[in-house]
Amino acid sequence: MVNSSTSEELSFSRETPDVYGDAHPKALLKAIQEDGGYLKKLSSQHIVSCDQFDRQELLQLFRLAAKYESNPGRYSTPLKGKILISAFYEPSTRTRLSFESAWHRLGGDIMSITDRSTTGIAKGESLADVAEMFNNYGDCVVLRDSNEKSVQEMIESLRIPIINAGNGIDEHPTQALADLYTIFKWCPELLDDTKDIKRKIKIGIIGLPNKMRTVRSLLKILAYFPEYFEEVVIIHDKSEDAIFDKEQREQLEESGLNLRLSNQLNSNLPELDVVYINAIAWVGNDYESFGERFILDASSPLKSGGIIMHPLARGDELSPDLDHTPHNWYFSQARGAVFLRMALLTCMCERTELVMDVI
Ligand code: CP
């Protein structure tokens, strides 16, 4: 006997639970005027770093993501006939499966490689040669590789777009896009230009900007919209000169971001509208855990109405006892990433005209 559960115990609901946060994708449709021209510009670029965007491209991407999220069943074929090469040489739950889910939801087909040793790389084949072959087999590549330089090595011979899905400790641009998309859905007033007094928020980031690709990329994305952030507090347990790469802090501050460093968590929490926490960095072929001192749980002095974000996977730093509180926006963040990736993939495959209201 495998189990003796009753049908009541085995019943489940298909409704998205309340713990997914009260997101407002439709509010983004109102706040951002559609302009597909910016999305067309994106279609001729590889996606490697958060440095490469401009504000209007980001807003249009978020608008298209919100359009997909507001009406998930409406567009099921924009990528019909297109093939994605999904190459993940490092463990992933969310990024690989959400990219693949996004592609499937848009009607495309997928070839997936989850172990580089099943390709010619195991026989010494260069990434440039592998990329040359990819040109013949697919229409877009999504690559996760712990080697920071792999994405650049492939670009040399690619004639189809590649998306960096995490390259070592360097960047994770689509995670950062999904993160800011989440913040705008949670607080669409940020985008409301009609008010005399503009809403600003305080965000705390528990993590290391020079070691965690999610944090590095998030800061770069926030730097496009410095006026929305009253303060960005980096909460860390290192010496101050050990948390930024050379010039990283200066570049962020030059953009207008108001950065503050702190090695205290609980004294900052009551002031923070958004708490972004991550404790893991992939270094080489393994992960290192940082910030064991900083743990969020249901007893943490979080601001009423404040939200928690986490790129996941989580460890002890984020207690499951927060999952059923209104502070939990990390599940909504992961869910929204599917729509954000749908928007990006539509651009990469030059299919935006199929989903624009006005052409
Ligand atoms: N957020 C993120 O990169 O998760 P995965 O490692 O599961 O892809």
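Start at 1 with the first residue, then count along the sequence. Every heavy atom of this structure was used, including side-chain atoms; hydrogens, water molecules and symmetry mates were not. For ligands, and for the atoms within them, numbers begin at 1 and follow the listed sequence.
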Quick check on R144 - does any of its heavy atoms sit under 4.0 Å from an atom of ligand 1?
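In this structure, R144 qualifies as a contact of ligand 1 - some heavy atom is under 4.0 Å.
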
Within the supplied structure, the quantity of interest is the number of heavy atoms (other residues, nucleotides, ligands) at a distance under 6.0 Å from F229 CZ; does it exceed 12?
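Result for CZ/F229: enclosed.
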
Which atoms of ligand 1 sit under 4.0 Å from any heavy atom of S92?
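Counting atoms of ligand 1 from 1, those under 4.0 Å from S92 are 5 (P), 6 (O), 7 (O), 8 (O).
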
Against heavy atoms of Q175, which atoms of ligand 1 measure under 4.0 Å?
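Selected atoms, number and element: 1 (N), 2 (C).
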
Atom 7 (O) of ligand 1 - nearest protein heavy atom and its distance:
T93 N, 2.7 Å

Closest approach of any protein heavy atom to atom 4 (O) of ligand 1, naming residue and atom
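Result for atom 4 (O) of ligand 1: R94 NE, 3.1 Å.
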
When you measure from the side chain of [X] to the backbone N and O of [Y], does any donor-acceptor pair fall under 3.5 Å?
| X | Y | result |
| --- | --- | --- |
| R341 | F99 | no |
| R94 | A337 | no |
| R293 | D237 | no |
| S255 | L252 | yes |
| Y276 | I203 | no |

Who gets closest to atom 1 (N) of ligand 1 by heavy atom: A337, G166, A178, P311?
P311

Below the 3.5 angstrom mark, is there an N/O of A313, backbone or side chain, next to an N/O of ligand 1?
no

Within the structure, does R96 bring an N/O atom to less than 3.5 angstrom of an N/O atom in ligand 1?
no

Specify side chain, backbone, both or neither for T214, according to which of its non-hydrogen atoms lie closer than 4.0 Å to ligand 1.
neither

